[in-house]
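Read through the structure below, which is laid out as C-alpha cells, and then see the notes.
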Amino acid sequence: MKRKTGQDRSITSTWKPATQAIRGGTARSEYGETSEALFLTSGYAYDCAGDAAARFAGEQAGMTYSRLQNPTVEMLEERIALLEGAEACRTMASGMAAMTAALLCQLQAGDHLVGGRAAFGSCRWLTDTLLPKFGIATTVVDARDPQAFLDAVKPETKVFFFETPANPTMDVADLAAVCGIARERGITTVVDNAFATPALQRPMEFGADVVAYSATKMMDGQGRVLAGAVCGTRDWIDNTLLPFTRNTGPTLSPFNAWVVLKGLETLDLRIRRQSENSVRVGRFLEGRVPRVLHPGLPSHPQHELAMRQMAAAGPIFAFEVDGGREQAHALLDGLELVDISNNIGDSRSLMTHPASTTHSSVAQDKREEMGIGEGMLRLNVGLEDADDVIADLDRALTGVGL
C-alpha cells in the first residue's frame, strides 16, 4: 500500500469492511512505518507567518492545533467513517462527549427532541435534565413503537435520539420506520449504535442521519481507553458539529485514537465470536432464570426485527431474577470468572446490576418505566471459552437457589 492509499476514498470505498478496518485511513509518514504513527503533539509549526494565516483562514490544508486536527486522530476518524459508510466522522474524548456534542451542536432554546425511553443512564440525564436546562423540550417514548415517535412530533421537533439495541433492556427500534418518519418531516435522527458497532449494524443504511458511538466499547474492545465518535455527512460534520467541538474542546487524545485504531483491526473477529458465545450463554440461562432478554434468541419479542437489522446479536444481553436486588447482588458475588463491572464491549465477560450502577442516577419510577427492575442483570459475554463462562454462571446461580 502506498503512503496515502488508505486516505483515498476512490480506492478504500471499494474495499470490504475487514480490509477497511485494518488499512482504512492510514497515512504513512516519510519513514514508511507499517503501523500507524502516534503523533503526540499539542500544536504545529509553520514555515512562515503567511502559512499560519492561510491555515487559520482555511485557505491552506494542514494542521493548526490538536484540539482541531491531529494526524493520528484523523486516521481513526477516516477509518470509522469508512466502516460506517459515512462521509465524515469526528472523534471525542468519550462516548458521552460524543452524545452530548451530537445533540447540543444542533439544538437551541425552543427546540424539541423526542428520545427513546430505554437508554444508558447518562443519555437519559441528557434528555431529562441537561437539555431542559437550556430551554430544549424533550419527550421520551417507547422506541419499539414507531407510532410513538410520530405521535410525539411537534412543529418545533428537531431531533429523534435513540439506541438500538437499548441499554440495558435490549429494546430494538425499527430503524427504517423511525428514520422514515423523521426524514419526511425534516427531523434529524441521531442513533446510538454502541451495542452493535458498524460491524453488525449500519443505521445510515436504514435512513439515519447521524450515528454516535462510545468507541470505548467494542471498537477498543479490550477495556483500555475512553473514546467517542460521531458520523454524518461532510456538510453536517463540518458546519454543524465542528463549530461546537472546535470551541468546546471534547477532544480525543492521539494516544487513545491510536489504541482504538489497533482495536478496530480485530473488531469483526471479536464481535462475531463474542456474539456466538453470547447466544450459547443466553440459551443456557433460558433454562435457569425467569426471563432472558437477548435479541439473538427467538424468545426475544423483537428477534426477527433485530436479525433483519443486525448481522449478529452482539455480546450483550440482559436477564432477570425474581429475588430483586438482594438475589441479583448475591449472584454477582458468587461469580469467580466473570467480572463485576459496569463496562461493556470488553473481550472479558462482565456483569453488572444496572439499577445500582449504570442507571442508579435515574429515578426509580423512570427506571421502572424503562423496564429496569431490581432483579435485572446485564451481561457482556467475552472471548473466553463459552463453557467456562457457563460453568461460572451455573455455580453462581446454584448458590442463589436457581
Side-chain angles (χ1 to χ4, degrees), residues 92-107 111-146 148-149 151-154 157-173 175 178 182 187-196 203 208 210-214 216-217 226 228 230 250 293 302 316-318 320 325 342-345 352-378 380:
M92 311 285 166
S94 69
M96 284 312 305
M99 304 302 159
T100 304
L103 299 181
L104 287 182
C105 74
Q106 60 181 319
L107 292 167
D111 289 343
H112 176 245
L113 172 144
V114 182
R117 72 183 183 193
F120 177 52
S122 293
C123 288
R124 277 299 300 260
W125 184 85
L126 288 180
T127 58
D128 297 351
T129 304
L130 182 66
L131 295 182
K133 285 184 177 181
F134 293 97
I136 301 162
T138 62
T139 302
V140 293
V141 300
D142 185 344
R144 295 171 296 184
D145 180 12
F149 281 93
D151 292 344
V153 170
K154 301 178 181 180
T157 303
K158 296 296 190 297
V159 171
F160 286 174
F161 176 48
F162 60 96
E163 307 171 8
T164 184
N167 183 1
T169 60
M170 308 308 295
D171 290 358
V172 177
L175 282 164
V178 176
I187 297 168
T188 300
T189 50
V190 178
V191 179
D192 178 349
N193 197 40
F195 268 33
V210 177
V211 182
Y213 286 101
S214 171
T216 308
K217 309 303 189 288
L226 299 179
V230 182
L293 297 165
Q302 297 167 288
I316 307 151
F317 67 95
E320 296 177 350
R325 180 177 297 205
N342 52 284
N343 197 20
I344 53 173
T352 195
H353 179 248
S356 60
T357 59
T358 59
H359 291 71
S360 59
S361 62
V362 179
Q364 184 175 349
D365 61 334
K366 291 183 179 179
R367 288 202 303 267
E368 291 173 354
E369 177 188 52
M370 294 165 67
I372 302 171
E374 291 291 328
M376 176 176 281
L377 291 156
R378 189 193 66 198
N380 172 91

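Note: hydrogens, waters and symmetry copies are ignored here, and every other heavy atom, side chains too, is used.
Between S361 atom OG and R124 atom CZ the span is 10.5 Å, to the nearest 0.5 Å. The structure places OG1 of T358 at 11.0 Å from CG of N343, a figure rounded to the nearest 0.5 Å. C123 SG to M99 CE: the interatomic distance, rounded to the nearest 0.5 Å, is 5.5 Å. Here the straight-line distance linking atom CG of L130 with atom CH2 of W125 works out to 4.5 Å at 0.5 Å rounding. Separation of atoms CG (L107) and CD1 (I136) is listed at 4.5 Å; rounding is to 0.5 Å.
Across all non-hydrogen atoms, the minimal contact from A148 to D142 is CB-O, 3.8 Å. Heavy atoms only, all atoms of each residue included: A118 and M370 are closest at CA-CE, 4.0 Å. Taking every heavy atom of both residues into account, V141 and A152 meet most closely at CG1-CB, 3.9 Å. What you find for M170 and F195 is that their closest heavy atoms are SD-CE2, 3.6 Å. For the pair A208 and V211, the tightest heavy-atom approach, listed with the atom from each and the gap, is CB-CG2, 4.5 Å. Annotation for V362 and R367: closest pair O-NH1, 2.8 Å, computed over non-hydrogen atoms.
The side-chain heavy atoms of E320 and L293, taken from C-beta on, include a pair separated by under 4.5 Å. Counting only heavy atoms from C-beta outward, the side chains of F162 and V191 approach each other to under 4.5 Å.
The closest donor-acceptor contact from the side chain of R117 to the backbone of A143 lies at 3.5 Å or more, if one exists at all. Judged purely by atom type and a 3.5 angstrom limit, H112 has no side-chain atom pairing as donor or acceptor with the backbone of V153. Between the T138 side chain and the T127 main chain, a donor and an acceptor come within less than 3.5 Å of each other. Remark: side-chain polar atoms of H359 are not paired, donor with acceptor, to backbone N or O of H353 under 3.5 angstrom.
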